[in-house]
Amino acid sequence: MYLKKMFLPTLKEAPADAEVASHRLMMRAGMIRKVAAGVYNLLPLGLRVIHKVERIVREEMTGAGAQEVAMPMVLPAELWKESGRWDIYGKELLRLKDRHEREFCLGPTHEEAITDMVRRDVRSYRQLPLNLYQIQTKFRDEIRPRFGLMRGREFIMKDAYSFHATDESAEEEYRNMYGTYSRIFERCGLYFRAVEAETGPIGGSFSHEFMVLADTGEDSIVSCNTCSYAANIERAGIRPPDGASLPLTGAKGIEKVSTPGMKTVEEVSGFLNVPPERLIKTLIYRTGKGVIAALVRGDFDINEAKLKRVLGADTFALADEKTVKEMTGADVGFAGPVGLKIPVYADFSVRDMRDGVTGANEKDAHIINVIPQRDFSAGYGDLRKARQGDPCPRCAGALEIKKGIEVGHIFKLGTKYSEAMGATFLDEKGVERPVIMGCYGIGIGRCAAAAVEQNHDENGIIWPIPLAPFHCHIVPVNVNDKDTMKAAEQIYSSLTAKGYEVLLDDRDERAGVKFKDADLIGVPVRITVSSKTLKQGSVEIKERSKEGARLVRIEDTVKDVGTLLEG
RNA sequence: CGGGGCGUAGCGCAGUCCGGCAGCGCACCUGCUUUGGGAGCAGGGGGUCGGAGGUUCGAAUCCUCUCGCCCCGACCA
């Protein structure tokens, strides 16, 4: 491609709203342009990168036995009502009506659509297993889209769904996809980790997220410094304390103290001069199973995802002030487990406390010398949010917390959708059963953005070769010099003939401008052609990822480039 | 949804407090010079100042309403 003909508008400055490197650089490199909040145009250079990611995904998915399909982006409400998600998916689901006032939505994910597709034609276990995928534009009306392609409202996703007659088959496919995903992200040149994850509104029994490690990531991931344990922070377990209770003898009885206006852990801790780890924090939640209290040590935080899972509640939220007052008899800030009439769930960190301090369920009062198991009873579990250095749930190691970008997610769904929507088959014995499902997603645009996030410097993008929009970038220093242009065009032709994708900067610009743009765009190999080096029969070859250029004989250029690109 | 902020040329911004010719840098067009890391000089084009209404002799500037965007929080494959 000759640059003069290409629609490649680069920018010296990025728009003020571009905060992270990938967003700034993709804007500046002329890859993307914003159309509305979280909605982007893909310009030629950007689309080339997206196509590279898609190609890798297609090759690996096909290689793993999956088949590509295409489903509509506009989906009828009936399907979503059948699964029950029309009412629970919330405002992220963009709903619309057609001219006949029939309800539709823009597909944020396609479990309903694919289950409908399969139930129409799958009758027998002989037709299973099946893995179908598509690469398609999705729409989720995110509360706060940001970071360019990283978290758009409209985005390209590869979503695959598998259908099985048996659990074993579904789990085998889960492992197959786990391996496939690992290969895909390796081929994309991404530094990633697979972590155990929450299943969220998609549902299902277990799942892994594939996280690209980057400081700008929006997710926190927890990993063990000793064993291979890794999980999303929402999921991350913590090894409970050994449970050897301290002797109760000599302990004082509980005592009420006045704490006017002291509501937060910090206030109470400061006022009574006791460290936060001696406080018992009490949170009141309104759940599908009634109002409950959750306890955690004052310096820790409740992990709501874990609590929700322990409760098995479908709805779950912190209680409002009114509910708190009704249930505890006191304003928010003075709740405590002693004498409370609602079910109490406590984190292990509370179990072995001695001389604890907690709310008295009475305005402006706390009680001290509290001993769990003596002064109140509760169900104990691992309910708190993991912190740096917490003990690993699997081994004697310690947990570390890092930031990550979720680029892929695999779920074993089970029969949630097939049961709700009647996707059944007859097994060997002629018994009708719901198909067992799995689903597997990859954010295509997010992979491209994550690649930039991991591979850039102050001058621009440094594309990993498999995702690079072009393989090499020829810069004729002076396009008005006939010999220079002739040599540049010759190199262009021979590289193109070898199957490489080549960009030739034929603009009549100063060398500095072209070098700056070349660095910004980040094509892996740059070939500089100038009368200076042509006199010695050579050109300059520079790798974007390395400092310094080498002189190479013109006739060796193709071979040299080939070595760089193919290793 | 709560709190904060911003909408002025394609991009980055000043001007708004205190009403009085709509500006600067980059980008763009023309010419000359320059030509290995975002050139210099000269000339030029481009704006319903987000929108609507109001106050005023006069509004980018003051008032009311509205739309959009951004940040923090809550929320979330």
Side-chain angles (χ1 to χ4, degrees), chain A residues 9-20 23-24 27-28 30 33-39 85 88-93 107-111 138-148 150-153 155 157-161 197-204 207-211 218-219 232-235 304-305 308 316-318 320 405-411 413 439-443 446 458-460 475-481 484 505 507-521 526-534 539-540 542 547-549 551:
Chain A
T10 57
L11 302 171
K12 280 191 190 175
E13 289 178 282
D17 59 13
E19 281 188 289
V20 297
H23 187 191
R24 269 199 308 272
M27 285 293 295
R28 287 191 53 210
R33 287 292 183 266
K34 185 162 78 170
V35 177
V39 179
R85 287 207 291 185
I88 62 170
Y89 209 90
K91 289 177 120 178
E92 247 183 65
L93 185 65
T109 172
H110 280 66
E111 284 79 11
K138 302 269 187 273
F139 194 95
R140 290 184 193 168
D141 201 354
E142 293 276 348
I143 295 167
R144 225 178 81 179
R146 56 186 145 176
F147 304 153
M150 200 92 95
R151 192 179 191 77
R153 289 194 292 175
F155 57 100
M157 173 167 157
K158 187 284 302 183
D159 48 325
Y161 306 88
E198 279 299 314
T199 50
I202 298 273
S207 97
H208 280 85
E209 285 171 337
F210 288 78
M211 297 290 219
E218 292 185 273
D219 290 299
N232 187 300
I233 192 144
E234 299 212 313
R235 176 87 189 187
E304 295 189 352
K308 193 173 167 184
F316 180 87
L318 261 180
D320 54 34
I405 301 163
E406 180 191 352
V407 288
H409 202 157
I410 60 177
F411 301 82
L413 282 179
C439 85
Y440 321 92
I442 290 179
R446 205 180 258 191
E458 63 282 3
N459 294 314
V475 179
V477 163
N478 181 357
V479 295
N480 298 313
D481 181 78
T484 300
D505 191 346
R507 294 174 302 168
D508 186 7
E509 285 283 358
R510 302 166 66 83
V513 173
K514 298 203 214 186
F515 290 144
K516 285 288 183 190
D517 272 345
D519 286 347
L520 177 59
I521 293 165
R526 189 182 85 197
I527 303 162
T528 309
V529 184
S530 72
S531 53
K532 197 167 77 184
T533 59
L534 282 179
V539 294
E540 263 174 36
K542 180 183 178 299
E547 286 299 315
L551 279 183

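Quick caveat: nothing in here was measured; it's all calculated off a predicted structure.
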Strictly under 3.5 Å: I want the nitrogen or oxygen pairs between protein and nucleotides 22-24 of chain B, one per line.
none

With A/Glu218, which residues qualify under salt bridge (Lys or Arg N to Asp or Glu O under 4.0 Å), at least two apart?
A/Arg146, A/Arg151
B/G68 -> Watson-Crick or G-U wobble partner, both distances under 3.5 Å, gives B/C6
Watson-Crick or G-U counterpart of B/C1, or none if no pair lies under 3.5 Å:
B/G73
Atom CD1 of A/Ile233 to atom P of B/C75: distance rounded to whole Å?
14 Å
Assess whether one donor atom and one acceptor atom, taken from the side chain of A/Arg144 and the base of B/C70, lie less than 3.5 Å apart.
no
Considering only nitrogen or oxygen atoms on both sides, find all protein atoms under 3.5 Å from nucleotides 29-34 of chain B and state each distance.
residue, atom, partner, partner atom, Å
B/U34, O2, A/Arg510, NH1, 2.8

Centroid-centroid distance, A/Phe210 to A/His208, less than 6.0 Å
no
Look at all strands and tell whether A/Arg146 reaches a base, only sugar-phosphate, or nothing, counting heavy atoms closer than 4.0 Å.
sugar-phosphate
Contact class for A/Phe155 (heavy atom, under 4.0 Å): base, sugar-phosphate, or nothing?
base
At less than 3.5 Å, do the side-chain atoms of A/Arg28 and the base atoms of B/G10 form a donor-acceptor pair?
no
Enumerate all atom pairs, one protein N or O and one N or O from nucleotides 3-5 of chain B, separated by less than 3.5 Å.
none

Is there any protein nitrogen or oxygen under 3.5 Å from a nitrogen or oxygen in nucleotides 25-27 of chain B, and what are the pairs?
residue, atom, partner, partner atom, Å
B/G25, N2, A/Glu13, OE1, 3.3
B/C26, O3', A/Lys12, NZ, 3.3
B/A27, OP1, A/Lys12, NZ, 3.3

Taking only residues two or more places apart in sequence or in another chain, which ones pass side-chain hydrogen bond (donor to acceptor under 3.5 Å, both in side chains) with A/Thr10?
A/Asp517
Have a look at A/Arg526 and say if it touches a base, only the backbone sugar-phosphate, or nothing, with a 4.0 Å heavy-atom cut-off.
base
Under 4.0 Å, counting only non-hydrogen atoms across every strand here, what does A/Glu406 touch: a base, just sugar-phosphate, or nothing?
base
